[in-house]
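Letters A, B, ... are given to chains in the order of the sequence lines, protein chains preceding strands, and every chain is numbered from 1.
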Amino acid sequence: MANDKAQWMEGDLLVILRHGPHGTSWLREGLDAALVAAAFGRRVTLLFMGEGVTALVPGQSGGPLGQKGTAPTLEMLEMYDIDSLLVEADALARFGLCVDGLLLPARAAGPLELSALARTHALVLTF
Amino acid sequence: MANDKAQWMEGDLLVILRHGPHGTSWLREGLDAALVAAAFGRRVTLLFMGEGVTALVPGQSGGPLGQKGTAPTLEMLEMYDIDSLLVEADALARFGLCVDGLLLPARAAGPLELSALARTHALVLTF
Amino acid sequence: MMRYGILLMGAPYSSQAAHSALRFARAVAGRGHRLEGVFFYHDGVHNAARLAAPPQDEPHLVDGWAALAEDHGVSLQVCIAAALRRGLLDEREAARHGKQGHSVEPPFELTGLGQLVDLGLRCDRLVTFGP
Amino acid sequence: MMRYGILLMGAPYSSQAAHSALRFARAVAGRGHRLEGVFFYHDGVHNAARLAAPPQDEPHLVDGWAALAEDHGVSLQVCIAAALRRGLLDEREAARHGKQGHSVEPPFELTGLGQLVDLGLRCDRLVTFGP
Amino acid sequence: MLLHILNRSPATSEVYRQALSAMGAADRLLLIEDGVQGALGPLVECFGDLTGRLYALEEDLSARGLVPLCDASVVKVDVEGFVTLTEEAMRTVSWF
Amino acid sequence: MLLHILNRSPATSEVYRQALSAMGAADRLLLIEDGVQGALGPLVECFGDLTGRLYALEEDLSARGLVPLCDASVVKVDVEGFVTLTEEAMRTVSWF
């Protein structure tokens, strides 16, 4: 399997996002860490797992009291050259989502790739 | 079913404890609320659900840094006349526990009783 | 007209609980009900942090609660035991614990858990917002 | 000898994360490793609350971190963005935001998220303690 | 009739099972915050047969872009409707 | 070989599934805090076949009275052993 590694995403930092927008600050704070690392020239991969896939649902808005949400931050990712976006395939299915309908271009990652990602990045942060 | 109500625990306050000791402050803070209510003369029922059943495992101790844990608090319940202790039967089975081996005398509650408890108490607090 | 109480156990920012509770509180008052009080317990006590400085383009929950109290005469009761452990002290408690400075001020008031039981049993409805 | 870093994202008292992290930090230092720094993020920033007043018979985590810093020269870095929202300000930030009083003091220092990335990539091991 | 309020996603937390086991035959369940994820097609099955008694807070669905994905069996209510549900219920129980 | 660290009970949170799906064939899993509940007989089955690679922090088992209930397939380590596990692993990943 070691010879197959080249096919997987590599990078300095893997940020695993496991929470949806609005309900908690996890998604926001995970994205902030990713943006800062990218601004410092690090290669960042984002992995959306579990309910984290709902971060990529289109049509989000601010909350009723004026909460900003995270959709505007997600739209900044490209500006920071963060274009390695992976989505847990099982979670997509669980939420009835399809990779083509997401807010940003992302690739579905199956079990084999998931289990390799932490090995192909120098640092892994879970949010 | 309304005619069967008399067989279920009744009271002023139902405190639902859904967390084990040490990991979070939920159990401690739930027990504190129960003790205060009892000190004010209210009839309190405790319901241990899910991992909350581990609160009643015997042989607990303080944490390595001197955390107190909740076992000493549990032992105070009787002093405050809190003797209505119910344990979710399904959770007992899930954790491989038996109602006879618990820290305090408690009764296993099956699905029918669980679904009636919130109706037979004037106030329900979940922790 | 019914009497409502709110139990809030989530910190602002970290969880949505405070946003939900404040919005619900406004709606309750708007429907002509009497909101007797909000009790802050567990991490909800952080809603009373007078030093909170969120970004200017985001809602300021601490101010939001103070405005609710002023508009509708709602008492804001903070569990004293939960607050002290978490670094939330009013001037009196700061003095008692020999600390310089304080982190809680009116309309938030530090009070005992008995007030929660009282609020819950006195009101027609107590609605809990957890983290 | 390896270089370690710790990322702490749980508040003291509310979760066990701070206890686990402090105990792990002591063990790392005891094994002769170099603990370069502890970074406090998310609710972990509450570990820097200088006004925390836990009961006397319970561990005082804020003091525990300060003792670790003194014993082993560990830097205690608090994410400034996460801290400000949660009411944790040092004297400089309090002045900048027009607040009377402050809630964070040395050896805790408010710093940017870049320090977390730096710590994580500079150390041989970064161990995260979440709530 | 009681109103149960759930703010966690059934995809993440087992607490929805606790809510269900504490519900009486006429009780209602309101999904708020991250709990509204449970209103999505595949996840709504976690709640079994609550037809007519399963609600979701519209503002929370909307902020998450989930209104178009909300299952038809779920009754959408705004915050005013939330208050109405608490008026109609004898008591509320929160699950988080 | 990586060390995965889990602090939530499989009875409460689905996060253990995420940890498992991110684990490589030689990776190890350490249960700490409320995660040690997963070392109990009936719950240990959640982790499938990790024999020899599933660890639990002894201090956390002990504080909870769970040492006698810990399944024989789980390797108990103290905090020194925790540090050793981090030394031996190339990297650690935390799940909470």
Side-chain angles (χ1 to χ4, degrees), chain B residues 1-5 7-20 23-27 29-30 33 37 42 45-55 86-95 108-127, chain E residues 1-38 43-57 60 77 82-96:
Chain B
M1 212 170 77
N3 292 334
D4 294 339
K5 267 192 190 172
Q7 73 179 284
W8 309 130
M9 294 278 187
E10 289 189 354
D12 300 310
L13 174 62
L14 174 67
V15 175
I16 305 182
L17 301 163
R18 306 174 300 122
H19 293 268
T24 63
S25 64
W26 286 111
L27 176 61
E29 291 176 313
R42 302 300 185 169
T45 300
L46 299 184
L47 170 62
F48 296 85
M49 284 187 90
E51 69 170 85
V53 300
T54 64
L86 298 174
V87 185
E88 183 191 9
D90 284 356
L92 278 176
R94 186 120 196 248
F95 282 85
L112 202 58
E113 182 163 15
L114 277 188
S115 66
L117 281 170
R119 232 165 314 279
T120 54
H121 290 78
L123 178 62
V124 181
L125 298 178
T126 35
F127 290 97
Chain E
M1 186 271 293
L2 308 189
L3 176 67
H4 297 259
I5 303 168
L6 175 65
N7 75 345
R8 297 280 174 110
S9 171
T12 302
S13 167
E14 294 279 320
V15 65
Y16 77 91
R17 294 183 196 273
Q18 297 178 341
L20 289 174
S21 69
M23 281 179 69
D27 288 358
R28 295 168 172 176
L29 180 63
L30 171 65
L31 309 177
I32 68 168
E33 302 175 359
D34 286 339
V36 299
Q37 293 174 21
L43 285 166
V44 80
E45 291 170 23
C46 293
F47 300 108
D49 184 21
L50 290 182
T51 308
R53 299 188 288 132
L54 181 60
Y55 300 79
L57 192 57
D60 286 337
V77 293
F82 182 178
V83 176
T84 304
L85 286 172
T86 65
E87 290 166 357
E88 293 172 356
M90 177 172 68
R91 193 168 298 136
T92 70
V93 184
S94 296
W95 302 92
F96 48 86

Over all atoms of both residues, closest heavy-atom pair of E/Ser21 and B/Glu88: OG-OE2, 4.3 Å
B/Leu14, B/Val124, B/Leu117 screened by side chain to side chain contact (heavy atoms under 4.5 Å, CB included) with E/Val93, the one that passes: B/Val124
For B/Thr120 against E/Arg91, the heavy-atom pair lying closest together: N-NH1, 4.4 Å
Contact class of B/Ile16 relative to chain E, heavy atoms under 4.5 angstrom: side chain
Contact origin within B/His121 toward chain E - heavy atom pairs under 4.5 Å: backbone
Where E/Trp95 and B/Arg18 come nearest, the two heavy atoms and their spacing: CZ3-CD, 3.8 Å
E/Glu14 side, atom CD; B/Arg94 side, atom CZ - distance, nearest 0.5 Å: 5.5 Å
Max heavy-atom pair count under 4.5 Å with chain E, selected residue of B/Leu114, B/Asp90, B/Leu47: B/Leu114
Expected output: side-chain B/Thr126 to main-chain E/Ser94 donor-acceptor under 3.5 Å: yes
